[in-house]
Amino acid sequence: MKRSGARDEASIAKTKSDLPCKKKRDDCKPSGEEAATQSRDTIISRDSNCLEFLTLKGHQDVADILLGEGVTSNLLDRVTEGQLKDLGISSLGKRLEVIQLIQENTRRLYTYKIVNDPIHGHIEIHPLCVKIIDTPQFQRLRCLKQLGGTYFVYPGAAHNRFEHSLGVCYLAGKLASTLRNQQPELEITNTDILCVQIAGLCHDLGHGPFSHMFDGKFLPVARPDKKIKHEALSLLMFDHLVESNNLCPEFEKYGLKEEDRIFIKEQIKRPEKLKSGKWSYQGRSKEKSFLYEIVSNNTNGIDVDKWDYFARDCHMLGIKNNFDHARYMKYARVLKVEDDKLQICSRDKEVLNLYDMFHTRKTLHSRAYQHNVGNIIETMITEALLKADEVFRIPGKNGELLKISQTVDDMEAYQKLTDDIFQQILWSTDPNLEESRKILMNIQRRELYKCLGETHPPQGKTINNKKQEDQIKDELMNILKEKKSDIKREEIILYVVYLDYGMKDQNPIDHVRFYNKRDPTKAKKLRKDEVSDLLPEKFAEQLIRFYCKRRDDQSIHQAMEAFKEWSRQNQCSVGENSLMPDMTPVRSDDSSHVAAGNVTPTSIRTVANQNTPESAGKFKARLAFD
């Protein structure tokens, strides 16, 4: 919308066409039946007198203008400060006061549900969000463990995608509201905030059994014909949720149009960009591009989804969370960056808080998400599901029975797929599921595949594809053959672990923009050397893990020896033959020899080739003295 002082006929016509509602006030009155339905969610009447609060606050002129333009209370909160200016309200202070009054009073039209969350305290849920929550598709998230196989390692990790989604919904609304309060010129409406909240609420609808295990391990093997991620499944499930529960009238009731539903879906899964620099989103214009950074931030990874699972997972796992998202929100500002794009920026002094955030992410992955036991349990569950895929059936549309891997094409069937499939297979009496049952029973008995060890890739090398993984496995199998072992190739599992700050080998802070209190309108980069000399030099690493399916002592011994031999051949620091440099020799207890200059080569020595990461903590116990 044009913001010039001159109000020619074209700009007035443009303003009128942009106004949220052109219906007569009587057209927006609900019928008797509709009024009875709405009474549960409505505190004050939404009739033609609902603009009287502007008159009571001394803004009769504004109320008359809005009523004259046909703006009713149903969509009153979509009016922006820029539209008021083009309608002739010249005073900036008056416009901002009116917008604040509109936002405060239209919010009171709804009864918010209060939820007591262990992480965020008492949070308010918008009635439209409550409608979404009270559907079978959303309630399904109660049966999906947030951390998948990690629950088999950390007993406290029993939380589900359900409570995480509520937390993201709350934080999304909180951040959007904070930006609106701090920068009214951004013209963030109540509708914008509601759309962001719904996106946060529904962003994980598409997760399958054991969360990331399903789309990260099972689907790539079961459905190699197509690359399927949970974000795409979330869009399909969102559409299915709205359609099967007839929620379109509810969306319209709260002023959400088709473009708003598009905006919600674009936040859940970003559409492919058509051209570099060209705005390809349909839900919101480029002037509100910063709203796309709240739920899922593709620019630098700072988003409320991470904030909630950092806080929630750390709380449930018993791991310290060093990132303070509440503090970050207080210093968040929207500023113009390259290509005149609006981006959420932070105060320069918050840079270390953000480094803590990304380090927390790496810590959670290394200690929990990529735990060697949790990973192999998820691998075993995946094997059980793959063996059951040809046998187990789930009813979909019109009663059609589908494989587990086929449910992603039918949301009616997919909504029935949860972590409970573990128990359904485990206690099934179908003889065709015998192999799957055996694998799952081994998990119950803790008879897991044995981890032979882990190491970093050879110096200067990175494992980037399946071909490289197969080559490493071939090298290990050749060593086993030389040792006359009968271990088969399919009995050895190679697992490559990726640990980073969220942007592979890049420093995510390089993509964050900061401002200084002396000039809060200018966005700038902060180089690592401007922050501290104690920050990481590298922001990504890989680990290679080997597992053996056999559990007998002889096979495990042979496999471990082969792993150590492979590590030696590839100059990897692992086991008792590490290539770590020798530590500083320790002086003999007999200091008199030193004082007299009588130090012999045997006066001080260390145990050769035993200075490994595993043994470093026990260094003193491994010294030998004459």
Side-chain angles (χ1 to χ4, degrees), residues 141 143-164 204 207-221 230 306 308-321 359-387 418-423 425-426 436 438-456 463 469 492-500 502 540-549 551 556 559 563 613-614:
L141 298 181
C143 302
L144 298 177
K145 288 287 186 295
Q146 171 79 4
L147 300 185
T150 305
Y151 177 51
F152 290 89
V153 180
Y154 287 86
H159 54 303
N160 304 313
R161 290 281 160 184
F162 181 86
E163 49 263 42
H164 165 63
D204 273 350
H207 270 295
F210 300 95
S211 293
H212 288 287
M213 183 213 79
F214 190 75
D215 65 322
K217 288 185 171 71
F218 174 77
L219 287 178
V221 179
H230 76 272
K306 290 184 181 65
D308 183 83
Y309 79 69
F310 287 168
R312 196 172 302 277
D313 293 354
C314 285
H315 176 77
M316 302 303 292
L317 293 167
I319 295 175
K320 178 69 174 177
N321 178 22
H359 184 73
T360 298
R361 181 189 186 277
K362 186 263 181 187
T363 299
L364 284 168
H365 273 271
S366 59
R367 293 177 59 183
Y369 307 157
Q370 304 292 347
H371 193 283
N372 66 336
V373 177
N375 280 165
I376 202 59
I377 287 177
E378 288 191 348
T379 298
M380 294 176 71
I381 296 173
T382 299
E383 288 185 358
L385 293 184
L386 289 170
K387 292 179 181 297
T418 66
D419 292 357
D420 291 341
I421 194 172
F422 185 107
Q423 301 296 329
I425 295 175
L426 182 65
S436 296
K438 184 178 179 181
I439 295 174
L440 298 183
M441 188 59 72
N442 286 340
I443 294 175
Q444 297 286 76
R445 292 174 175 150
R446 212 66 175 187
E447 296 176 358
L448 310 176
Y449 302 154
K450 184 70 174 178
C451 182
L452 306 175
E454 69 178 30
T455 183
H456 291 87
I463 313 302
E469 294 179 19
I492 295 294
I493 297 175
L494 171 67
Y495 194 88
V496 180
V497 178
Y498 299 87
L499 300 174
D500 57 44
E541 66 175 347
Q542 286 183 330
L543 296 174
I544 302 175
R545 288 181 186 152
F546 290 93
Y547 295 88
C548 181
K549 292 186 178 182
R551 293 181 53 83
I556 294 301
F563 166 63
E614 292 84 359

Subject >> Nearest heavy atoms of C548 and I556, plus distance in Å >> reply: CB-CD1, 4.3 Å
**OP:** Just say parallel, tilted or perpendicular for the rings of Y369 and H365, cut-offs at 30° and 60°.
**Re:** perpendicular
Original post:
Taking only residues two or more places apart in sequence or in another chain, which ones pass side chain to side chain contact (heavy atoms under 4.5 Å, CB included) with V221?
Top reply: L386
Subject >> E378/K217 salt bridge by N-O under 4.0 Å criterion >> reply: yes
Original post:
Step by step, would you call I544 with L494 a side-chain contact (heavy atoms from CB on, under 4.5 Å)?
Top reply: CA-CA 7 Å; I544 302 175; L494 171 67; 3.2 Å; yes
**OP:** Check the angle between the aromatic planes of H230 and H212 and answer parallel, tilted or perpendicular using the 30° and 60° thresholds.
**Re:** perpendicular
Subject >> Taking every non-hydrogen atom, the tightest pair across F563 and T455 >> reply: CE1-CG2, 4.1 Å
Original post:
What's the spacing between L448 CG and I439 CD1 if we round to 0.5 Å?
Top reply: 12.0 Å
Original post:
Can you name the closest pair of heavy atoms from L440 and A384 and give their distance?
Top reply: CD2-CB, 3.6 Å
Original post:
What distance do L499 atom CG and S366 atom OG have between them, rounded to the nearest 0.5 Å?
Top reply: 6.0 Å
**OP:** Could you tell me the separation between the CD atom of Q444 and the CG atom of L426, rounded to the nearest 0.5 Å?
**Re:** 5.5 Å
Subject >> Note, T418 side chain near H207 side chain (heavy atom, < 4.5 Å) >> reply: no
Subject >> Test side-chain hydrogen bond (donor to acceptor under 3.5 Å, both in side chains) applied to D500 - qualifying residues, sequence neighbours left out >> reply: R361
Original post:
Do F422 and F210 come within less than 4.5 Å of each other through their side chains, counting heavy atoms only?
Top reply: yes
Subject >> Distance, nearest 0.5 Å, that separates OH of Y309 from OG1 of T360 >> reply: 10.5 Å
**OP:** Please tell me if the side chains of M380 and E447 come closer than 4.5 Å, counting only heavy atoms from C-beta onward.
**Re:** no
Original post:
Are E383 and K549 close enough that some pair of their side-chain heavy atoms sits under 4.5 Å apart?
Top reply: yes
Original post:
Do the side-chain N and O atoms of H164 and D313 include a donor-acceptor pair separated by under 3.5 angstrom?
Top reply: no
Original post:
Aromatic ring centroids of Y449 and Y547 under 6.0 Å?
Top reply: no
Original post:
When you look at L317 and L364, which way does the side-chain contact (heavy atoms from CB on, under 4.5 Å) test go after all the steps?
Top reply: CA-CA 9 Å; L317 293 167; L364 284 168; 3.9 Å; yes
Original post:
Could you go step by step and tell me if K438 and K387 meet the side-chain contact (heavy atoms from CB on, under 4.5 Å) rule?
Top reply: CA-CA 11 Å; K438 184 178 179 181; K387 292 179 181 297; over 6 Å; no
Subject >> Nearest atoms (heavy-atom pairs only) where G374 meets V153 >> reply: N-CG2, 3.4 Å
**OP:** Mind listing the closest non-hydrogen atom pair of T379 and I493 along with its distance?
**Re:** CG2-CD1, 4.2 Å
Subject >> Atom pair CZ/CG of R312 and D308 - distance to nearest 0.5 Å >> reply: 4.0 Å
**OP:** List the steps and the verdict of side-chain contact (heavy atoms from CB on, under 4.5 Å) for E454 and V497.
**Re:** CA-CA 10 Å; E454 69 178 30; V497 178; 5.7 Å; no
Could you go through residues 144-152 and list every donor-acceptor pair under 3.5 Å that involves a side-chain atom there, pairing it with any protein atom two or more places apart or in another chain?
residue : atom : partner : partner atom : Å
Q146    : OE1  : R161    : NE           : 3.3
T150    : OG1  : L147    : O            : 3.1

Original post:
Which atom names give the shortest non-hydrogen contact between C451 and N372, and what distance separates them?
Top reply: SG-ND2, 3.7 Å
Original post:
Roughly how far apart are M213 CE and T382 OG1, rounded to 0.5 Å?
Top reply: 4.0 Å
